[in-house]
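Structure, as structure tokens:
Just so it is clear, the structure is predicted and the values come from calculations on it, not from any experiment. Counting convention: from 1, in listed order, for ligands and their atoms alike.
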Amino acid sequence: MTEPEPWWRDAVIYQVYPRSFADSDGDGVGDLGGVRAHLRHLADLGVDAIWMSPWYPSPMADAGYDVADFRDVDPVFGTLAEAETLVAEAHELGIRTIVDIVPNHVSSAHAWFREALADPDSPMRELFWFRPPSPDMPTDWVGEFGGTTWTRTPDGSWYLHLFTPEQPDLNWDHPVVKAEFEDILRFWFDRGVDGIRIDSAALLFKDRSLPPVVDGQPHPFHDRDELHDVYRAWRRVADSYPGERALIGEVWLPDASRFAKYLRPDELHAAFNFDFLGCAWDAELMRACIDRTLDAHRAVGAPTTWVLSNHDVTRHVTRYGRADTTFSFENNLDGTPVDLELGTRRARAAALLSLSLPGAAYVYQGEELGLWENEAIPPEQMQDPMYARRGHSRDGCRVPLPWSGDSPPFGFSTGSPWLPQPPEWKDLTVEAQAGDPSSMLALYTSAIALRPRSSPFSWTDLGAGVLAYCRGSSFACVLNLSSAPVPLPSFREVLIASNPLDGDLLPPDTAVWLRLSSS
Ligand code: GLC
């Protein structure tokens, strides 16, 4: 008998962005009561796990990624006891829970930072990156949201923050910081969580001499070698618990071999595939990206992951409806023309792609409904701190989900949602899609139920503009990225098509799963 694969190798993991999932108390902000009330939706969709974006006490300078206390829950979301109940209720439905840990920085409201700020001689300053008063900033580093990375304290000192001034960076050279995060992992594993999503996992360490960023030299704060010992220590913590607890890194790195180092057998279990997320809707580029991904992961024995969207990037219905279908923070495409019908058609095909490639697939809340980016949020309602610094806001992908009804707030809340929902989403509510076999929700539900899990992957060549591969000997996925219909190979049965077929022809921007005659 062979052992079953650990769950994290081929799971479907659904990202819950709690502020925008469902609101149970009418304040317009989603909460844990809202998640609990809709766990059925997730069970019916068939997901294996939920990843909860931060639910900790926070001043919300960066929507909860500014954490004031890693061992509690913000009152806007609920209580710690309710988080424990949520984990238990999800388990009863066969759904695992992943929590989001943010090790690079804390909130400026965190007790450590408040103590450090209050007294220039406080030893707590050692836990951060304080530098003595001087007329100039210690470096001219550019922050992750753009802008400078140092803020002056009332006593004239400087402190470092790679994100907003409300997110002071921790000093990971300090043993107290290392011990604290191992303890935080234990805190959540003790409460039954099944995994940890590690925020900004390739940051954390800084070159102590604070050198400038110079091309071709080791980066002073990205992807430093010291990180790997931390993740080895975290892996030992995860492995000391029963039940296959997983560590999943948010690692944005262009170099596939540097990326794969985080996934060596004694480090993280998995990491998000942002190369795939940013890839253009183009057969050759997609195939090259998939090959790069498979090669890099094979080299370290780690499972691949497939990600189309998350709370930081433009929703893929919108991306795939633009002339330029790539995504990167450097290339701001906000406001460029979007064909939502085309984007939706491609998003349907992309779902069949990401759910049939080998490895784990991530679904960002609302993509199962075919939501698009809300590009019509008035500037004065923008909440994302990136907006002021880069002119691009992530709010458009964070808009509260439409559950039911014909007009906002679409059953999300009895109050006024914290970001406006497009009225056109009346056709995309869960209620409107339930029972409609041609809906995005039906497509995701059937695809998750039918997806191939562990069978081996191999490419099949069906010509330019077409991606085709088998999983084992009886399953094939064919995706037409060209502008003309293409003939399908011989098959026994169509399992799912993202759009209706044209006889035995596969129309453009359409994907199909086929059962093959396995003789
Ligand atoms: C990660 C999060 C993002 C957050 C940033 C700072 O990239 O996904 O939402 O703003 O880290 O914590």
One should read off an interatomic distance between Asp312 CG and Arg394 CZ, to the nearest 0.5 angstrom, of 5.0 Å
Anything under 3.5 Å between an N or O on ligand 1 and a protein N or O? List each pair with its distance, or write none.
residue  : atom   : partner : partner atom : Å
ligand 1 : 7 (O)  : Glu250  : OE1          : 3.2
ligand 1 : 7 (O)  : Glu250  : OE2          : 2.8
ligand 1 : 8 (O)  : Arg197  : NH2          : 3.1
ligand 1 : 8 (O)  : His311  : NE2          : 2.9
ligand 1 : 8 (O)  : Asp312  : OD2          : 2.5
ligand 1 : 9 (O)  : His311  : NE2          : 2.9
ligand 1 : 9 (O)  : Asp312  : OD1          : 2.7
ligand 1 : 9 (O)  : Arg394  : NH1          : 3.3
ligand 1 : 10 (O) : Asp62   : OD1          : 3.3
ligand 1 : 10 (O) : Asp62   : OD2          : 2.6
ligand 1 : 10 (O) : Arg394  : NH1          : 3.0
ligand 1 : 11 (O) : Asp199  : OD1          : 2.9
ligand 1 : 11 (O) : Asp199  : OD2          : 2.9
ligand 1 : 11 (O) : Ser200  : OG           : 3.2
ligand 1 : 12 (O) : His105  : NE2          : 3.0
ligand 1 : 12 (O) : Asp199  : OD2          : 2.9

Side-chain donor/acceptor pairs under 3.5 Å, residues 211-222, sequence neighbours excluded:
residue : atom : partner : partner atom : Å
His219  : ND1  : Phe221  : N            : 3.0
His219  : ND1  : His222  : N            : 3.0
His222  : NE2  : Glu144  : OE2          : 3.0

For residues 361-370, the salt bridge (Lys or Arg N to Asp or Glu O under 4.0 Å) pairs (sequence neighbours left out) are none
Side chains of His161 and Asp169 only: does a donor on one sit below 3.5 Å from an acceptor on the other?
no
So, using ring-ring contact (aromatic ring centres under 6.0 Å, His included) as the criterion, who are the partners of Phe276 when residues are at least two apart?
Trp306
Salt bridge Arg197-Asp100, side-chain N to carboxylate O under 4.0 Å:
yes
